[in-house]
Amino acid sequence: MHKRLTGPGVLIGLVVTLALALSLVTMSGKVAAVASEEYEKLRIFADVVSIVEESYTEEVKVEDLVYGAIRGMLRGLDPHSSFMTAADYKEMQVDTKGSFGGIGIEIGIRDRALTIIAPIEDTPGDKAGLKAKDKIVRIEDKSTMDMTLGDAVKLMRGPKGAKITIWIMRVGFEEPKPFEIIRDVIKIKSVKFRDLEDGFGYVRITQFQERTTKDLEKALVALGSRKGELKGLVLDLRNNPGGLLPQAVDVSDKFINSGLIVSTKGRTQGQNMRFSAEKDGTHSGFPIVVLVNGGSASASEIVAGALQDHKRAVIMGSQTFGKGSVQTIVPLSDGSAVRLTTSKYYTPSGTSIQAKGIEPDIVMGEEVKLHMKEKDLEGHFEGEDKGKEGDKEPARIRIKETIVEGVEGEEGEDVQLQKALNYLKSWYLFKGTMKQFM
């Protein structure tokens, strides 16, 4: 979930400059003492850079030393703060547009190991049999031990048709096994939709990109929402890893007439923001079931939390990932950038889902076995509630019906989707008593 900001955060890139400018700084009082102590530490950093540059057994570029130090500094903060070289930053911008050359997997760090969060549907990685929670121990001839996410992505990206071998360790494997994959252009279509039956529609959002809200509007129109032909909607956010915060807000706004969608709270006033719904453009008049699971993270959780708190939809599935923090992208002067966790977000009722996730109204699927969670990531933040926005917690349905996630019916049907459709049909029959979901 990224919102690009500019401002004081740019100071992160000035470490060396500050260290070299100590003699120019004059301050007084308590502030001077604190600053002096900080600058002394920066002097030590500059001294170490100088020592390595002059005495290390092989010649090392100062840029490599500084970049390495910044990577280590940010890696020690939390699982989502990181440093991006100029090439990494450009690649991140490409990702949000939804097209790149690669194998098609979402990755993260778990127990200091490069781990697959989920393969992207219908990509080379998915077709090769890669699975969530697989540990990538080697990419070609390079070990992934202590490898950054950015470096791993860079190695796995490449032109269409180029082969790559990654070595996977999985529960049940006695030793790592090689998977040879042919790269392709990964065009992530963020919105897919279809008619289910008799006026009931299905929309799947795979991740939140620049065009997601526009594509969602087209899907809803095609399903007959504007003509009053849509009786009910299944919104599928399963295995959606998130994406752009503004898109999550706009998607939520498509279904909510008014009121708070999400708020963020950080250390500085500029990081405290509130995003609210507007009536114009809202799709209403039909009930919604939102499908989630342990792979639903970040922006997906914003949408699910907003629709749940506003009683606009019932959430069905298993506990979500639990990524309730906001990362700000701060461009630096040399084209590189810092991704820094600057705030936490809260659902309309004031609830932080950080390391907890969204609790479904209708529990279907096993929470633990299939997905790694935010709480499993080394260095994660603990969540907290900042207090309820309203007088009381929104009323929710508590139906616990456990269905093992991923199990298919006799003809390969999606069991959870069929259950969601059955609930929508029931609500339509008794719509006079179910207006809170319309």
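For the numbers below, each heavy atom of this structure counts, side chains included, while hydrogens, waters and symmetry mates do not. In this text the structure is predicted, and so the values were computed from the model without any measurement.
Results of the side chain to side chain contact (heavy atoms under 4.5 Å, CB included) test with Leu237 over Leu291, Val303, Leu307, Thr320 single out Val303 as the only residue that passes. With respect to Phe200, the side chain to side chain contact (heavy atoms under 4.5 Å, CB included) criterion is satisfied by exactly one of Leu230, Asp195, Leu421: Leu421.
No side-chain heavy atom of Phe100 sits less than 4.5 Å from a side-chain heavy atom of Val185. Ile105 is listed as a side-chain neighbour of Met156, based on a closest heavy-atom distance under 4.5 Å. Contact annotation: the side chain of Phe255 never approaches that of His310 to less than 4.5 Å [non-hydrogen atoms, C-beta and beyond].
Using a 4.0 Å cut-off between charged nitrogen and carboxylate oxygen, Arg112 and Asp146 count as a salt-bridge pair. Contact check on Glu197 versus Lys425 returns a salt bridge, with a Lys/Arg side-chain nitrogen under 4.0 Å from an Asp/Glu carboxylate oxygen. Under a 4.0 Å N-O distance rule, the pair Glu217/Lys254 qualifies as a salt bridge.
When only modelled atom types and interatomic distance are considered, Gln271 and Gln269 share no side-chain donor-acceptor pair under 3.5 Å. Side-chain N/O atoms of Asp151 and Thr148 include a donor and acceptor closer than 3.5 Å. Looking only at atom types and distance, the side chain of Tyr202 has no donor-acceptor partner in the side chain of Asp414 under 3.5 Å away. Between Asn240 and Thr206, the side chains place no donor N or O within less than 3.5 Å of an acceptor N or O (distance only, hydrogens not considered).
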Audit row: Ser225, His283, side-chain hydrogen bond (donor to acceptor under 3.5 Å, both in side chains) steps and yes/no: CA-CA 7 Å; Ser225 173; His283 292 262; 2.6 Å; yes
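Aromatic ring orientation, Tyr67 versus Phe83: tilted (interplanar angle from 30° to 60°).
Gln247 contributes a side-chain N or O that, together with a main-chain N or O of Glu210, makes up a donor-acceptor pair within less than 3.5 Å.
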